[in-house]
There are 2 protein chains.
Amino acid sequence: MALRHAVLAALLDHELSGYQLAKAFDLGVANFWHALPQQLYAELAKLEKAGMIEGRDVVQDTRPTKRLFRVTDAGLAELERFTEAASKPSFLRDDLLVKIQAADHVDTGHLIEQLTERAAFAQAKLDLFGQLLLRMRGERDEEEFLLHGERIGPYLTCLGGITYEQGNRDWCRRTAEVLEQRQAARARS
Amino acid sequence: MALRHAVLAALLDHELSGYQLAKAFDLGVANFWHALPQQLYAELAKLEKAGMIEGRDVVQDTRPTKRLFRVTDAGLAELERFTEAASKPSFLRDDLLVKIQAADHVDTGHLIEQLTERAAFAQAKLDLFGQLLLRMRGERDEEEFLLHGERIGPYLTCLGGITYEQGNRDWCRRTAEVLEQRQAARARS
DNA sequence: CCACCATACTCAATAATCTGACTAATCAGA
DNA sequence: TCTGATTAGTCAGATTATTGAGTATGGTGG
């Protein structure tokens with residue numbers, strides 16, 4: 001049941017349409033949750049019926065009419081309840097890790113390729129997140145912003161994303177390096 | 001469809017029963033995939049029907065009879081196919097991140113509590129993983145083991161788990177610290 | 001001796017997520 | 001001018017994952 005809360009949390013900052021929300025929850029960006037458009041539209045409908053968000057139609061002359069949503073008091077109360085409850089631990093579920101687990105029984109070339117790719121992807125997200133941080137804190141330095149900024153939630157989750165992607169990148173590079181060295185050693189013998 | 005491959009990868013090292021597998025895929029331990037017992041029993045049944053694993057009953061005098069499974073050649077071929085295919089990126093889906101995203105609209109005390117808890121959990125996993133590494137490489141030092149060890153897949157995923165949990169722990173601590181400082185600053189004003 | 005935990009599983013039902021296709025309009029580039 | 005990308009959604013269906021309960025036996029702590 002956390003998708004609904006993720007949607008509520010995303011709508012705290014700005015009014016958003018389903019489409020904009022879908023962009024935010026997409027692969028490249030999602031720094032605190034991931035979901036597909038279909039899920040989001042369904043969840044928005046449910047949340048509106050439950051009175052936790054309110055939508056208003058915005059007619060655009062050049063683009064299709066969109067529906068912007070904002071969180072209601074009931075929605076905020078729901079988020080509050082959610083926050084009080086214990087968090088369920090987050091678990092790993094990663095194709096690439098499964099492949100590495102099987103590394104000794106499986107073609108090394110493909111593994112190295114995919115590790116390199118993943119490392120590059122992580123680096124790209126790091127660059128993006130870095131820019132995002134700058135945009136959020138503006139002129140202020142990080143220490144100052146975190147102490148006195150008015151809205152630090154997204155900044156903190158972005159920092160989380162950075163920590164995660166750094167770990168990801170470094171592990172991928174290290175692992176690729178190990179596999180390459182073994183390949184080279186095997187080739188020499 | 002990666003659960004089946006995770007099961008295959010887990011069975012590469014040792015013959016395991018569904019119950020043992022369930023232990024390994026449990027929260028506390030799972031360092032490359034997570035799943036519940038029911039899923040695993042179901043997957044084992046499917047894999048056996050598909051000829052990718054073979055089970056044999058082991059009668060025990062003091063415990064219920066168990067069924068141990070090992071990977072067949074067909075299973076290995078399936079893993080090989082899986083490895084060749086591109087990995088789907090892994091995404092974040094974490095209750096705690098959602099709560100932090102909403103940090104400015106929600107009770108800070110609960111957040112700090114949950115961050116501290118999560119940090120302690122991450123540290124516990126780090127200790128566990130550290131011991132696991134030692135047990136896997138035995139007397140050898142890491143560099144040597146990674147270059148010449150015969151089975152390094154599980155070692156590499158364990159290193160992945162360590163990187164992940166370190167990031168997790170550090171971010172939780174940092175975030176809790178920030179929230180505490182803000183709480184203190186607000187109390188003074 | 002009795003409650004509880006560990007081993008070793010099974011079954012059913014619901015909830016969450018993903019795959020894939022479809023509508024319909026505008027805009028930018030070759 | 002035709003193609004493809006972008007905006008803004010909707011629908012059906014399949015697959016995965018979670019929740020909750022139940023079976024049966026043996027060992028352990030109080």
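Quick note on labels: first sequence line is chain A, next is B, and so on, each numbered from 1. Keep in mind that this is a model prediction, so the values were computed, not measured.
Counted by atom type alone, A:T72 and A:E54 present zero donor-acceptor pairs between their side chains at under 3.5 Å. Residues B:Q131 and B:D127 bring no donor and acceptor atom of their side chains to less than 3.5 Å of each other.
Look at A:Y19 and you won't find any side-chain N or O under 4.0 angstrom from OP1 or OP2 of D:dG9. Regarding contacts with the backbone of C:dC18, a side-chain N or O of A:Q39 is found under 4.0 angstrom from either OP1 or OP2. B:K88 has a side-chain polar atom (N or O) that falls below the 4.0 Å cut-off from OP1 or OP2 of C:dT19. For B:Y41, no side-chain nitrogen or oxygen approaches OP1 or OP2 of C:dT10 to under 4.0 Å. In terms of phosphate contacts, A:T62 brings a side-chain nitrogen or oxygen within less than 4.0 Å of OP1 or OP2 of C:dC27. Within the structure, every side-chain polar atom (N or O) of B:S17 is placed at least 4.0 Å from both OP1 and OP2 of C:dT7.
A:K66 places its NZ atom 15 Å from the P atom of D:dT10, with the value rounded to the nearest Å. Here C:dC9 presents its C1' atom at 16 Å from CG of B:L16, a figure rounded to the nearest Å. As a whole-Å value, the separation of A:H34 NE2 from D:dT16 P is 17 Å. Remark: C1' of C:dC18 and CG of B:L3 are 16 Å apart, rounded to the nearest angstrom. The interatomic distance linking A:K46 (NZ) with C:dT14 (C1') rounds to 12 Å, in whole Å. Counting to the nearest Å, the P atom of D:dT16 and the CG atom of A:L36 are 15 Å from each other. Atom CG of A:L44 and atom C1' of D:dG9 are 11 Å apart (whole Å). We find that CG of B:L40 is positioned 13 Å from C1' of D:dT18, with the value rounded to whole Å.
Here the nucleotide nearest the side chain of B:P64, chosen from C:dC9, C:dT7, D:dA8, is C:dT7.
Backbone-only contact: A:R93 has heavy atoms under 4.0 Å from sugar-phosphate atoms and none from a base.
Both B:P37 and B:F91 sit near DNA chain C, but only B:P37 has its closest nucleotide nearer the 5' end. In terms of position along DNA chain C, the nucleotide closest to A:M1 lies nearer the 5' end than the nucleotide closest to the other residue of the pair A:R63 and A:M1.
In this structure, B:K46 NZ and B:L3 CG are separated by 7.5 Å, a value rounded to the nearest 0.5 Å.
Between the side chain of B:Q60 and the base of D:dG26 there is no donor-acceptor pair of N/O atoms closer than 3.5 Å. At a cut-off of 3.5 angstrom, counting only N and O atoms as typed in the model, there is a donor on one side and an acceptor on the other between the side-chain of A:Q38 and the base of C:dG20.
Each of A:E48, A:R56, A:E15 was scored for a side chain to side chain contact (heavy atoms under 4.5 Å, CB included) with A:R67, with one residue passing: A:E48.
Hydrophobic clustering (ILVMFWY, side-chain heavy atoms < 4.5 Å, transitive): B:Y155 and A:L92 are in one cluster.
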